[in-house]
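Let me begin by presenting the structure, written as structure tokens, before commenting on it.
Every heavy atom of this structure was used, including side-chain atoms; hydrogens, water molecules and symmetry mates were not. Naming convention: chains lettered A, B, ... in sequence-line order (proteins, then strands); numbering from 1 in each chain.
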Number of protein chains: 2
Amino acid sequence: MAIQSVGIIGLGLLGGSIGLAIAKHCPDIRTMGYDADPEARNAARDRGLVQTVCDTAAAAAEKADLVILCVPVGAMGFAADAVRSALPDGVIVSDVGSSKQSVADTLRAALPDITVIPAHPVAGTEQSGPEAGFAELFEGRWCILTPPDDVSETDIGALSEFWRSLGSKIEIMDAQHHDLVLAVTSHIPHLIAYTIVGTASDLEEVTRSEVIKYSAGGFRDFTRIAASDPTMWRDVFLNNKDAVLEMLGRFTEDLTALQRAIRRGDGDALHELFTRTRAIRRSIIEQGQDV
Amino acid sequence: MAIQSVGIIGLGLLGGSIGLAIAKHCPDIRTMGYDADPEARNAARDRGLVQTVCDTAAAAAEKADLVILCVPVGAMGFAADAVRSALPDGVIVSDVGSSKQSVADTLRAALPDITVIPAHPVAGTEQSGPEAGFAELFEGRWCILTPPDDVSETDIGALSEFWRSLGSKIEIMDAQHHDLVLAVTSHIPHLIAYTIVGTASDLEEVTRSEVIKYSAGGFRDFTRIAASDPTMWRDVFLNNKDAVLEMLGRFTEDLTALQRAIRRGDGDALHELFTRTRAIRRSIIEQGQDV
């Protein structure tokens, strides 16, 4: 079975990019979309994010083979409720949330008789909203599927094929493992960036104007990450609490060890770590995950 | 007095970029350079980083109006020793180190009768070595001068004019205040980035391959910073210990508060911080310190 029509609920950065990527790569797939914000629906019409912008979530879902919920993790339950009565037979419901166990539990409870395959395209920018999407967002990026045990290989294959056609590479993973991996590669980096930007803007000895002027020394890269959508990220931390707190504990231990090395003037320990971290960067470049 | 000849000691990213920027913006200024590494001297000749690559530091300094020490902060004393006997009358000695109080103390002790004006161009990339420099590195970036009280306005003016001619904007600041400001805007961001990349590469539950594959979720931006020159950064932390430990304490307090908000499920506290940090980003873009 190949996906022939897609309903996109939520037309922000991710939802809008999916619509544009379909138009670019799979012009035969029909696209319907909905956003709870009327202004976002107007912007979606103006930008042509989907072929049909609908005035209800149900209308965007009722003729779809695949319904993708592109809303903050904390709104998944509401979005599922809004489409439930309209979902056609044989539909696959998926999502793009950054944490997967809580989304799996929520959607399973809200849509007990529906095929649900949670997914997470590991791609994004610090921009948000219907103006932010672009067709190339998923090209060369990984999309992680976390299918429950009772989902058929056929349905997993159909969703995989859909994401591959947008340029993604597919990985199948257990939801809990996903949450641990992403806690390290995404959630903790965001938490740290938000924290240091907050710390810097609250100092008495250093003015905010100085922080901005001299940000080229490293700080500005953190501000980029810390400009990401507040609601999305609040929901990520509330919904991946255990893995985030676990990984935050490891990070804090390591930071404390480094703090001690600085206090003691242990240059060898610093140099050893600073050398080791370069190798990771090289691998990321080699594997095309940054330029 | 206008600078007419510059001796550059150390031909890595910063030293090489100064040479190239002079060639681009001030072709009448003569440039001499030296690097302790013979391979770097060969690379500097091949790339034309300076007009004359000398085989000793003294030879690069002996006919210069301005000698700029472009070596790691921990090597400033050695570099000063190497040029001392060759320095002509009326020369200005400066540097590009990322911490200023310790450099000021070191150079004052090594060059007691010489005009020394420590400086810090707040510009750089994660690259290092003689291949890394480029003429545009300083354009639109701030260069902070931390002149001691006994330096004349004429000499401060000459050095300011030199950096302006390379495209920099000038700020005059007390060395201690510089060290506090840069601890926040540069040193702590680097320390945090090095730490999280180290933490991620040492996990047992998440493989290094997974960390690399899914780095597009935020982690990859930290790996870029954590690929910076290890020797340079070791020296920064050893030489700006007090300010770094002070600012690290503030950061850790704020991170602990956020950790508690996550544990308690306090979404409002998270959302409030995540919203506030966006404003800083906007200011950095508006002031041209990032794109």
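- Residue with the most contacts toward chain B among T256(A), I192(A), L182(A): I192(A) (heavy-atom pairs, distance under 4.5 Å).
- Contact of H177(A) with chain B is made through the side chain alone, with heavy-atom distances under 4.5 Å.
- Between E286(A) and R282(A) there is no salt bridge, since no side-chain N of the basic residue sits under 4.0 Å from a carboxylate O of the acidic one.
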Name the atoms and distances for all side-chain donor-acceptor pairs under 3.5 Å in residues 229-238 of chain A, with sequence neighbours left out.
{"from": "D229(A)", "atom 1": "OD2", "to": "M232(A)", "atom 2": "N", "distance (Å)": "3.0"}
{"from": "T231(A)", "atom 1": "OG1", "to": "H271(B)", "atom 2": "NE2", "distance (Å)": "3.0"}
{"from": "D235(A)", "atom 1": "OD2", "to": "G74(A)", "atom 2": "N", "distance (Å)": "2.7"}

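- A salt bridge links D95(A) to K100(A): one of the charged nitrogens lies within less than 4.0 Å of a carboxylate oxygen.
- When heavy atoms are compared at a cutoff of 4.5 Å, R276(A) approaches chain B solely by way of its side chain, counted from C-beta outward.
- Of the possible polar contacts, one joining the T277(B) side chain to the A226(A) backbone as a donor-acceptor pair under 3.5 Å is found.
- Looking only at heavy-atom pairs under 4.5 Å with chain A, the residue among E272(B), E205(B), R141(B), Q287(B) that has the most is E205(B).
- Most heavy-atom pairs under 4.5 Å with chain B, from the set S209(A), S98(A), G288(A), S228(A): that is S228(A).
- Chain A forms more heavy-atom pairs under 4.5 Å with one residue of A227(B), A261(B), A279(B) than with any other, namely A227(B).
- Only the side chain of I225(A) comes within contact range of chain B, with at least one heavy atom under 4.5 Å from a heavy atom of that chain.
- Interface remark: R208(A) contributes side-chain atoms only to the contact with chain B (heavy atom separation under 4.5 Å).
- Under a 3.5 Å cut-off, the side chain of E131(A) and the backbone N or O of L13(A) do not form any donor-acceptor pair.
- For chain B, the nearby part of D202(A) is the side chain; its heavy atoms alone come within less than 4.5 Å.
- With chain B as partner, the option from V184(A), L270(A), V122(A), I284(A) having the largest number of non-hydrogen pairs under 4.5 angstrom is I284(A).
- At a 4.5 Å heavy-atom cutoff, I285(B) makes no contact with chain A through either its backbone or its side chain.
- Neither the backbone nor the side chain of H187(B) comes within contact range of chain A; no heavy atom of the residue lies under 4.5 Å from a heavy atom of that chain.
- Using a 4.5 Å cut-off between heavy atoms, I188(B) touches chain A through its side chain atoms alone.
- Both the backbone and the side chain of I262(B) come within contact range of chain A, judged by heavy atoms closer than 4.5 Å.
- Contacts of Q259(B) with chain A are made by both backbone and side-chain atoms, with heavy-atom separations under 4.5 Å.
- Top candidate by heavy-atom pairs under 4.5 Å with chain A, chosen from S186(B), P189(B), G218(B), is P189(B).
- For a residue to count as touching a neighbouring chain, one of its non-hydrogen atoms must lie under 4.5 Å from one of that chain's; by this rule L258(B) touches chain A with the side chain only.
- Here the side chains of R260(A) and D266(A) are not in contact, with every heavy-atom distance at 4.5 Å or above.
- Under a 3.5 Å cut-off, the side chain of K169(A) and the backbone N or O of W142(A) do not form any donor-acceptor pair.
- Both the backbone and the side chain of R224(B) come within contact range of chain A, with heavy atoms under 4.5 Å apart.
- Between chain B and the residues E126(A), E171(A), H190(A), the most heavy-atom pairs under 4.5 angstrom are made by E171(A).
- Heavy atoms closer than 4.5 Å to chain A are found in the side chain of L248(B), but not in its backbone.
- Between F138(A) and W163(A), the ring-plane angle classifies as perpendicular under the 30° and 60° cut-offs.
- The six-membered or imidazole ring of F222(B) lies near that of F222(A), with a centre-to-centre distance under 6.0 Å.
- For the atom pair S215(B) OG and E210(B) CD, the distance stands at 12.5 Å (nearest 0.5 Å).
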